Amino acid sequence: MELDWSVDREGDASLVGFRVRNDGAVPRRVRIESRLNGPLLPPRRGGVPEAGWDAAGVTAVLDPGERTAFGFAALADPVDPPVEIANVEPVSSDADEAHETAAGGTDLARAAVRDLESYRPPRAAVDGAEGRHGTPDAGGDAGASGSDGHLPGREDAEGDGDAERVAARVERDPDQSATPESPRGSAAGGGVDAWFAAVEARIERAERLTDADLAATTTVVEEVDGLDGAGALDERVAADAERLRAVRDRAAALADRAEESEIPVEALEALA
Amino acid sequence: MILAVAGGKGGVGKTTLAYNVAAALDAVVVDADLGMADLPDGRGPDLHDVLAGAAAPTEALRPGPVDIVPCGRTLAGARAADLTRLAEAVAAVEREFGTVVVDCPAGRRADAGVPLAVADACLLVVSPRAFALADAIRTRELARELDAGLVGCAVNRVTEPPPVDPIGDALGAPAEVVPADPRVGRSVATERPVTTAAPESEAAAAVRALARRVPE
């Protein structure tokens, strides 16, 4: 077996890539394990590790002359070499098939989760999801909802789509809850408050990064998961600003209409 | 024995047949349609809770004329459900109560695939209309990939004699005709399986014939 590798650092993580080639004349099963001092994060699809991966390494069957590339991440300092061949054994094709069919229902179920389209309802369809928009979407989720073509544009939902929805709530909620027991002041509902709170937290963070000294910057950058996080925060705050303006315009327009509308209560009473 | 009741399309009567076949097998029926549950639910924990790791599978079992593991009705519950827990959950029900019939959702997403992967065998439900067959064939392919042997197919809600042999040939399993019968349609909502509500009916005979195809 030939093995070569590379290691990149990204934040606290080591990204290990390696290639393995079967230089023998028969198909062989090879087991490659991480030597890094930390938990191995295997490649995943649908939240399930790719076939062959476990907590310590990967097992694969290579035909003669076949070369395959693998990669994983680990929250650990790099060591040299980062991976080692733990075991190599020849496989006859019959034995290999037996091995495949011996895979139990659990493995098949994992394969189904990994290889079939996601079953999860899109986040935007789940009630009360607005509050959770406060954190940037995880990669896996973005992929999952990207396949749900019937959604009117996820990207949109992040932008003014949300503003529309929040504005719609502001508009709708007073009708629903303007009963004698609930004074108008509280009619806006918790959803809007939660959204404002989330936006405020983000803006505060962004403000701490604006013209900050080195120590303060380091703390905040750590809080937002590194430079990528800071970039994402910048984008989100820009989107927040746009949304806030849209809400402001709509709220102002509604307030004007609310002031202008006048219900002729006395005339109605006279008619009744 | 874990039997998955699948079918390509929605609305062909998978849930109804799963319920009635479970009655004939004296089995527990698990509603695995995470997004659009059909079997009656109860007050306690449901399959959403089990797949979210919040309840034991046997806690979710709701006794009745046919014991049911119901599924939650919320989209949030469906989102929180971890399908990789289904195998263990269904196996736990099987250990405790014997045969399990899993009612699968329509389509070929992971929520339809995982019950097939978990099951020992599957039963396909097809509508007698020609356009429905293509979907059933695709589900049959999925079942083959996921190692769920096809024990039979049910041509459901039949009003005129369907081309049983071509359907059986296309799906590669003997086809059983289940005639349209309002007592079958009502059986889930009223929790009266057709095999007890109308044991002499043709529909009950078809359900029993399907159940006989399921190996021990």
Side-chain angles (χ1 to χ4, degrees), chain A residues 42-51 53-55 97-133 135 137-138 140-151 154 157 165 191 194, chain B residues 1-4 6 32-37 47-48 51-52 71-92 94 100 102 104-122 138-139 141-149:
Chain A
R44 287 168 187 270
R45 239 185 299 160
V48 175
E50 289 283 354
W53 284 90
D54 55 45
E97 269 171 27
H99 182 77
E100 294 280 306
T101 50
T106 314
D107 288 350
L108 275 173
R110 287 181 170 277
V113 173
R114 191 172 61 223
D115 299 337
L116 299 175
E117 219 176 309
S118 169
Y119 63 97
R120 289 184 199 272
R123 176 177 301 203
V126 175
D127 203 15
E130 281 90 343
R132 272 179 282 154
H133 275 297
T135 50
D137 276 350
D141 259 321
S145 36
S147 58
D148 291 294
H150 59 275
L151 258 193
R154 277 280 303 167
R165 225 180 308 145
Chain B
M1 177 68 195
I2 301 171
L3 176 76
D33 198 342
L34 301 180
M36 270 186 277
L47 192 68
H48 281 171
L51 297 184
C71 188
R73 260 60 177 172
T74 64
L75 288 174
R79 234 188 110 73
D82 179 358
L83 271 176
T84 58
R85 290 196 169 105
L86 187 70
E88 181 43 44
V90 173
E94 188 195 20
V100 180
V102 184
C104 304
R108 280 179 307 283
R109 291 177 183 234
D111 55 346
V114 171
L116 289 170
V118 165
D120 303 311
C122 78
R138 283 195 283 267
T139 300
E141 288 310 309
L142 184 64
R144 186 176 285 158
E145 280 167 36
L146 293 170
D147 234 4

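Keep in mind that this is a model prediction, so the values were computed, not measured. Below, chains carry the letters A, B, ... as their sequence lines are ordered, and counting in each starts from 1.
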With a 4.5 Å cut-off on heavy-atom pairs, point out which of B:Thr84, B:Ile2, B:Leu34 contacts chain A the most.
B:Thr84
Counting heavy-atom pairs under 4.5 angstrom with chain A, the leader among B:Pro115, B:Ala110, B:Gly107, B:Ala112 is B:Ala110
Tell me, out of B:Gly35, B:Ala78, B:Ala148, B:Pro105, who's got the most heavy-atom pairs with chain A below 4.5 Å.
B:Ala78
Relative to chain A, which segment of B:Leu83 carries a heavy atom at a distance below 4.5 Å: side chain, backbone, both, or neither?
both
Report which part of B:Ala80 has an atom under 4.5 Å of a heavy atom belonging to chain A: side chain, backbone, both, or neither.
backbone
Nearest heavy-atom neighbours spanning A:Ala109 and B:Val118:
CB-CG2, 4.2 Å
Please flag which part of B:Leu86 lies under 4.5 Å from any non-hydrogen atom of chain A: side chain, backbone, both or neither.
neither
Side-chain donor/acceptor of A:Arg120 to backbone N/O of B:Ala81, under 3.5 Å
yes
Indicate yes or no for a side-chain donor-acceptor contact from B:Arg109 to the backbone of A:Ser118 under 3.5 Å, with no hydrogens or angles considered.
yes
Atom CG in B:Leu146, atom CG in A:Leu116: separation rounded to 0.5 Å?
6.5 Å
Could you look at A:Val48 and say if it's the side chain, the backbone, both or neither that has a heavy atom under 4.5 Å from chain B?
side chain
